[in-house]
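Here is how names work: the chains are called A, B, and so on, in the same order as the sequence lines, proteins then strands, and each is numbered from 1. Since the structure is predicted, the reported quantities are computational estimates derived from the model, not experimental observations. What's counted below: heavy atoms across the whole structure, side chains too, no hydrogens, waters or symmetry copies.
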Amino acid sequence: MNNTWWKYLSIILLFYSFIGGLLFSVPRLPIVNETIRGLYFHVPMWFTMVAMFGISFYNAIRYLRKPNGCLDTISVAYANAGLAFGILGILTGMVWANYTWGSPWHGDPKQNGAAISILVYFAYFVLRGSIENEEQKARLSAVYNIFAFVAMIPLIFIIPRMTSSMHPGNGGNPGFNMYDLDSRMRLVFYPACIGWILLGIWIASLRIRMKNVEEILLDNGK
Amino acid sequence: MIIALIKKEINLEIRRKAVISGLLIYLGCTVFISYMAFGFRVVDATSWSALFWITLLFTTVNTVAKSFIGEKKGEDIYFYSIVRPEEVIIAKVCYNFFLCSLLSLAGFVLFTVFLSNPIADLFLFLITILLTSLAFASSLTLLSGIAAKANNSNILMAVLSFPIIISILLLSIKITKNCIDGLARSVSYDELIILASINCLVAAISYLLFPYIWRS
């Protein structure tokens with residue numbers, strides 16, 4: 001944790017994406033107009049959510065291979081962070097949909113898939129809450145975590161691509177590649193993604209450290 | 001060994017006839033309630049498929065949920081000493097698949113009797129029922145194992161399984177709609193292939209993960 005350069009990098013990239021996302025010029029398109037700037041703030045949330053759940057999934061597998069309380073703590077912290085980004089992703093999407101589609105919840109396949117995958121991770125926390133034994137809690141929730149991540153893949157990546165959707169990038173609607181005629185948007189979009197992912201890792205690492213300190217305090221209390 | 005385990009499940013089921021007949025009556029009651037709730041008349045195709053799959057969802061979740069809950073503490077340890085966990089999960093999934101498809105077909109018959117039968121392409125619909133039953137069986141068996149290890153099993157079972165089942169259910173509902181509309185079979189091939197591949201995925205994951213649940 002002594003290496004703090006990536007934390008500075010995260011802050012710099014996020015400030016750059018806020019300023020760039022609001023001020024740089026963007027392609028003008030009918031209907032979407034200025035709301036295209038939502039791409040800089042909405043899409044990175046999903047990238048970060050998938051990255052967080054991915055790290056959580058990876059640590060759940062590591063836990064099952066070699067049980068160790070630390071890995072469980074890491075897995076939970078990343079699932080938590082991923083859930084937070086998922087909720088932010090839905091909220092930012094709803095703000096955008098309200099102006100572009102006319103209503104915040106439009107029953108779009110992508111919206112529904114995202115909502116369901118967030119439900120799956122809520123179920124993960126319900127499962128953790130209902131088991132007393134620490135070791136059993138860690139193992140069962142690791143199993144559910146792996147199952148949940150695999151079940152999330154068809155929801156987020158496959159089904160929305162098959163059904164007609166009003167979401168940009170689906171069902172004949174222009175996606176990122178068509179908006180972005182001269183790659184100007186990528187200059188802000190990719191740094192934003194990296195910045196948010198680093199921020200997510202930072203949040204999760206703080207939670208892990210808090211949990212470790214709590215455990216040390218509990219042990220000393222005995 | 002797997003066959004012996006399946007036989008054991010069937011034997012147990014025959015000995016406890018109350019459970020399976022209870023499930024059949026549960027199914028019957030649900031169908032009858034939907035029939036009465038819709039005012040004793042023929043429902044339109046969209047409501048039909050929604051009612052059908054919701055009824056099946058609740059029935060199969062209840063069916064599979066009992067696959068571990070029924071077992072006593074001592075039995076667990078005994079099985080642990082004589083069989084491999086992989087064999088247990090395969091046997092349970094096979095048996096639950098059999099049970100789920102039986103109940104789904106019974107449900108279909110009941111729906112035909114009470115709420116009419118709007119299906120134009122029967123063959124494709126039966127394949128969909130079988131594939132969905134397999135998907136339900138393979139995903140729910142693992143989840144019921146998790147729920148059985150945690151204490152408040154019934155609520156937990158529903159909470160854990162519903163979000164995961166939804167992606168399968170959405171595909172089935174879509175194919176059912178195609179069956180009702182009598183579209184050409186080639187229209188549904190994409191969905192069928194995805195349903196089959198979700199089946200493989202879920203079954204493989206259950207097979208890999210079950211030993212870790214069973215160990216405790």
Side-chain angles (χ1 to χ4, degrees), chain A residues 57 60-67 72 83 86 107-110 112-165, chain B residues 89 135 138-143 145-175 177 187-216:
Chain A
F57 167 70
I61 293 176
R62 272 173 71 199
Y63 178 83
L64 286 184
R65 292 179 74 90
K66 207 170 174 223
D72 181 53
L83 200 55
D108 185 78
K110 276 207 168 176
N112 290 335
I116 295 164
S117 66
I118 282 172
L119 272 184
V120 173
Y121 279 88
F122 275 130
Y124 169 77
F125 286 106
V126 170
L127 175 68
R128 286 190 71 83
S130 61
I131 306 171
E132 298 281 324
N133 182 340
E134 282 294 325
E135 197 253 330
Q136 196 161 29
K137 178 195 279 187
R139 200 180 50 247
L140 291 183
S141 65
V143 168
Y144 191 71
N145 192 340
I146 296 170
F147 204 69
F149 189 79
V150 173
M152 192 181 80
I153 293 169
L155 278 173
I156 290 193
F157 296 104
I158 301 173
I159 293 180
R161 282 182 172 60
M162 291 176 53
T163 33
S164 60
S165 160
Chain B
I89 186 79
S138 47
S139 56
L140 291 177
T141 307
L142 182 83
L143 294 176
I146 295 180
K149 293 283 178 195
N151 301 325
N152 48 349
S153 297
N154 270 332
I155 299 172
L156 199 61
M157 180 70 194
V159 170
L160 295 183
S161 56
F162 284 172
I164 286 186
I165 288 293
I166 289 174
S167 61
I168 298 162
L169 212 56
L170 284 178
L171 284 170
S172 313
I173 289 174
K174 210 164 168 224
I175 304 173
K177 197 179 165 295
V187 177
S188 314
Y189 281 161
D190 273 358
E191 278 84 7
L192 279 177
I193 290 167
I194 291 204
L195 196 56
S197 44
I198 289 182
N199 264 336
C200 296
L201 194 75
V202 169
I205 287 279
S206 297
Y207 178 82
L208 287 175
L209 291 181
F210 185 69
Y212 297 101
I213 299 175
W214 218 46
R215 197 173 281 168
S216 57

Sort B:Ser139 into side chain, backbone, both or neither according to what part of it lies under 4.5 angstrom from a heavy atom of chain A.
both
Count the heavy-atom pairs under 4.5 Å between each of B:Leu143, B:Val159, B:Ile146, B:Leu208 and chain A, then report the option with the highest count.
B:Ile146
Euclidean distance, B:Leu160 CG relative to A:Tyr144 OH, rounded to 0.5 Å
4.5 Å
Heavy-atom contact with chain B under 4.5 Å, split by part of A:Ile131
side chain
Taking every non-hydrogen atom, the tightest pair across A:Leu64 and B:Tyr212:
O-CE2, 3.2 Å
Heavy-atom pair with the smallest gap, counting every atom of A:Leu140 and B:Lys149
CD1-CB, 3.4 Å
One option among B:Leu201, B:Ile198, B:Leu209, B:Ile165 has the most heavy-atom pairs under 4.5 Å with chain A, and it is B:Leu209
Rounded to the nearest 0.5 Å, what separates atom CZ in B:Phe162 from atom CD1 in A:Ile116?
13.0 Å
Among A:Val126, A:Ile118, A:Asn133, A:Val143, which residue has the highest count of heavy-atom pairs closer than 4.5 Å to chain B?
A:Val143
From CD1 (B:Ile166) to CG (A:Asn112), nearest 0.5 Å:
9.0 Å
Would a 4.5 Å heavy-atom cut-off, applied to side chains only, mark A:Tyr121 and B:Pro163 as touching?
no
Would a 4.5 Å heavy-atom cut-off, applied to side chains only, mark A:Phe149 and B:Ile205 as touching?
no
When rounded to the nearest 0.5 angstrom, what distance separates CG in A:Leu119 from CD1 in B:Ile164?
11.0 Å
